[in-house]
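All heavy atoms count here, side chains included; hydrogens, waters and symmetry mates do not. First listed ligand is number 1; within each ligand, the first listed atom is number 1. For this chain, numbers begin at 1 and follow the sequence in order.
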Amino acid sequence: MLSHNLGYPRVGSQRELKKASEQFWAGKINRDALQKVARQIRHENWITQQSAGIQMIPSNDFSLYDQVLDTSLMVGAIPERYNQLVDGKSNNELDLYFAMARGVQKNGVDIKAMEMTKWFDTNYHYIVPEFVKNQKFNRYSDKAIVEFEDAKQKGILTKPVFLGPVTYLLLGKEKEAGFDRINLLDALLPVYIEIIKELVSRGAEWVQLDEPCLVLDLTNAEKLALQSAYAQIREAVPNVKILLATYFGALNDNADLAVQLPVNSLHIDLTRGAENLPDLITNQNFVASSKYLSLGVVDGRNIWKNDFRNSLDYLNTAITALGAERVWIAPSSSLLHSPYDLDLEKNEDILTPEMKNWMAFARQKLSEVAVLAAMAGTDYEKEDAFIANQAAIESRRSSALIHKPEVKTRVEAIKLKDFERENEFSVRQAIQLEKLKLPLFPSTTIGSFPQTDEVRQLRAQLKKGTLSQQDYESQIEEEIVKSLRWQEELGIDVLVHGEFERNDMVEYFGESLSGFVFSQNGWVQSYGSRCVKPPIIYGDVERPAPMTVRWSAFAQANSGKLVKGMLTGPVTILQWSFVRDDQPRKDTTFQIGLAIRDEVIDLEKAGIKVIQIDEPAIREGLPLRKSEWKAYLKWAVDAFRLSAAGVADQTQIHTHMCYSEFNDIIDSIAAMDADVITIETSRSQMELLDAFANFNYPNEIGPGVYDIHSPRVPTIEEITLLLEKALNVIPARNLWVNPDCGLKTRKWPETEAALRNMISAANLLRESVAVER
Ligand code: GLN
Ligand code: ZN
């Protein structure tokens, strides 16, 4: 049985690439120095995979920024606005590449970056390819060849990895009307073919073409494109062996299509599509072919140790049906989505040896793949590696650290009425109007204020122990009071405490809840040089003590105005963490939902009258297949309602989301039944509000009136214009005035100027629109 790998993390075990890229962008190191770091990481990765016992090792899985951008550069899909960087004498691939990724504003050149969006349902972001009607493709970057040759010189014959042509086109966007990007396939393929041919001539035996689009709902045209693409590649390069990689889901209705494509090996993700295995290995077309079947048994997207018994069952079933030579083993997907190496976790007070024994990061996953490859088809029950693995699995299954009967009982005891506020929105609105006495077009902000170096220093010093808890708290209090006075002076109606005590909106809550643990080095690439260190949810979640009440109560006590309590919602906490694989996501989310519910109730008891529960991740949690949306949206909305519904009608619940593409899920957004929702709309000039208007969204809305992602200060006129547009579709009594998102990434001067203009615009509007609230 052959063991292989689809891709490896590339930021470096110490985030060397992040550091080098940022230095390069800052002009502190030159191109060669950056390339040297990149080469070192690639070499280390190859050696790591080789010494773990992986037989077929990938190349071209490395990227300086993003593999989709690499593909655009490979096929010369370079948007016109970068032409001056392509044509000029100083043509330099690296400058062009980073300009596409990040934009340039230098030496009189000012070009916007390409758009970025989420890679399938992961937290990785890719650079969206841009296509025009007469899109030309030309071989541009030789990165794949360079990396292949580099590995060859080190004595490793790699399997070059490419994003497949059909998925590549589907991930892109048409930048003008009048064509469908899927029809660009025939123009695109010659570039792929030319590069694959050259790799073959240089000694490549296998290439891996990733077509994760095979786990999505495909149109007929898209299915035909897949057939045509692989027929053409096969015909043009008959002697190359192709591994077609699918991942992130089941093939389901695309299985027949996948099986018939003229490739030599098919990879499937068994952590998410195990139901396809019995069908595939009895599929006559597949059995009668000589194709290999690559089983992705080791989860590429989580940090848990593989259950060898489970994996060996899959592997042996496949071996029985196809013979051992035809079965391959690999991680489910690229290991890009796993942290580097569990052995780097040295702090045993945090990640105890017991818990560590339940986990596997990327390097450990390689070993799992190699060990499983050796065990499959043998009498493994008595082997040490198997016994040790099963002991670890059992230790986790039964650990008292994980299982808290009282938490499980509480989830089971949830009643329908726990999801319901006392009265429906119209009743609540009337009560809140009377109790909160807010003016027409109330103004607020989304929660965080600028995180200055001084504030970050405070938290860092507390963590290091160089600042006492008491001194820390009194300094944070000072920051809060300053911000309250400042908000009052500006004339904001509903104040916030500023979130100075928070490093990150999920980490802060993870640190206060039981059932969460944090790694020291478990970084995962989010985009470019940006890495995140997701919390690990390992056990039943409980709230040992109130998490935010202390700060919110302090803030409320120090202002005569309303101060909003500020929480992160259960779905977002789940979505941005590594999650348990031993219970449904829904169960974990409900546990978190109950913890947040308790916090909401405690805030209410402490006199907080307005409470915001942020849920920016609800939309990105949507399953890849539409058929699964309904079930997901049901429990996601329920989890939010569970967290919010424990308070009296007069307590106003807000939620916030960092986007507003709600067309296809607006009914679920309405079903969350938040009294007020604040969303991002300014970049689309309020156009996205139409979804709310068409749906007759009943509750109050704060469509963001300016884009906080830019330091630019919006004028009063601009804001007024946006507010007037909003008033065309939203009843005046339901309209709030607020920025797009939290202000933590901004600086104070621009924040103050922007909010001042925002308040002026709200006041002007109140004067011109004479309605009663
Ligand atoms: N309350 C959070 C903040 O203001 C919300 C952040 C977010 O939506 N991502 O920072
Ligand atoms: Zn936001």
Side-chain angles (χ1 to χ4, degrees), residues 116 118 123 125 443-452 455-456 459 476 479-480 483-484 487 492 494-510 512 526-527 530 532 534-535 547-548 551-552 555 563-577 596 599-600 603 608 610-621 640 643-644 652-662 669 672 674 676-684 688 701-710 736-748 750-751 754-755 758:
M116 195 164 66
K118 291 228 171 198
N123 281 329
H125 302 70
S443 57
T444 191
T445 60
I446 306 304
S448 60
F449 280 133
Q451 290 259 338
T452 56
V455 167
R456 286 206 191 90
R459 289 197 311 263
I476 293 283
E479 293 292 332
I480 292 176
S483 92
L484 292 170
Q487 294 172 78
I492 297 181
V494 177
L495 315 191
V496 296
H497 77 286
E499 301 182 27
F500 303 111
E501 77 288 9
R502 299 185 193 176
N503 32 7
D504 169 273
M505 63 186 289
V506 169
E507 195 174 344
Y508 181 78
F509 290 92
S512 329
S526 170
Y527 62 88
R530 184 164 161 79
V532 293
M547 306 179 280
T548 65
W551 299 116
S552 286
V563 183
K564 194 159 51 162
M566 197 58 60
L567 306 171
T568 302
V571 181
T572 300
I573 293 181
L574 179 95
Q575 204 54 39
W576 292 352
S577 302
I596 300 295
E599 186 74 11
V600 170
L603 283 170
I608 308 301
V610 182
I611 301 168
Q612 178 171 312
I613 308 171
D614 291 325
E615 279 291 24
I618 282 230
R619 191 172 209 291
E620 68 187 51
F640 177 85
S643 68
Q652 188 170 63
I653 298 289
H654 288 218
T655 190
H656 166 72
M657 297 176 194
C658 307
Y659 50 86
S660 57
E661 283 159 39
F662 290 127
I669 301 301
M672 289 169 72
V676 182
I677 181 173
T678 56
I679 53 176
E680 186 274 321
T681 37
S682 69
R683 275 177 291 185
S684 74
L688 291 162
I701 312 181
V705 296
Y706 77 88
D707 178 12
I708 60 91
H709 302 91
S710 150
W736 282 67
V737 179
N738 47 262
D740 260 355
C741 194
L743 295 159
K744 68 169 165 245
T745 55
R746 294 273 58 89
K747 303 252 180 295
W748 275 111
E750 74 229 24
T751 299
L755 289 178
M758 184 185 91

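- Set against the non-hydrogen atoms of K744, the atoms of ligand 1 under 4.0 Å away are 10 (O).
- Remark: the backbone N or O of V494 is paired with a side-chain donor or acceptor of T444 at under 3.5 angstrom.
- For ligand 1 and C741, the ligand atoms under 4.0 Å from any heavy atom of the residue are 7 (C), 8 (O).
- Backbone and side-chain nitrogen or oxygen atoms of I446 are examined, and one is located within less than 3.5 angstrom of a nitrogen or oxygen of ligand 1.
- When all heavy atoms of P739 and Y706 are compared, the pair lying nearest together is CB-CE2, 3.6 Å.
- Shown here for D740 and I679, the closest heavy-atom pair between the two residues is OD1-O, 4.0 Å.
- With E615 contributing its side chain and T655 its backbone, the two residues share no donor-acceptor pair below 3.5 Å.
- Here the shortest heavy-atom pairing between M116 and H125 reads CG-CB, 3.6 Å.
- Close contacts of ligand 1 with G742, meaning ligand atoms under 4.0 Å from a residue heavy atom, involve 3 (C), 4 (O), 10 (O).
- Every residue meeting the side-chain contact (heavy atoms from CB on, under 4.5 Å) condition with E750, not counting sequence neighbours, appears here in chain and number order: P711, V713, R746, K747.
- Qualifying side chain to side chain donor-acceptor pair (under 3.5 Å) partners for N738, counting only residues two or more places apart in sequence or in other chains: none.
- Contacts between H656 and ligand 1, counted as non-hydrogen atom pairs separated by less than 4.0 Å, involve the side chain only.
- Those atoms of ligand 1 that come under 4.0 Å of a heavy atom in G447, given as number and element, are 4 (O).
- Residue-level check: among N/O/S atoms of H656, NE2 sits closest to the Zn ion (ligand 2).
- The parts of S448 lying near ligand 1 are both backbone and side chain, judged by heavy-atom distances below 4.0 Å.
- Within the listing of ligand 1, atoms 7 (C), 8 (O), 9 (N) sit less than 4.0 angstrom from a heavy atom of C658.
- Looking at heavy atoms from C-beta onward, Q575 lies out of side-chain contact with P616 at the 4.5 angstrom threshold.
- Here the protein heavy atom with the shortest distance to atom 6 (C) of ligand 1 is M505 SD, 3.5 Å.
- The single protein non-hydrogen atom nearest to atom 1 (N) of ligand 1 is D614 OD2, 2.7 Å, given as residue, atom name and distance.
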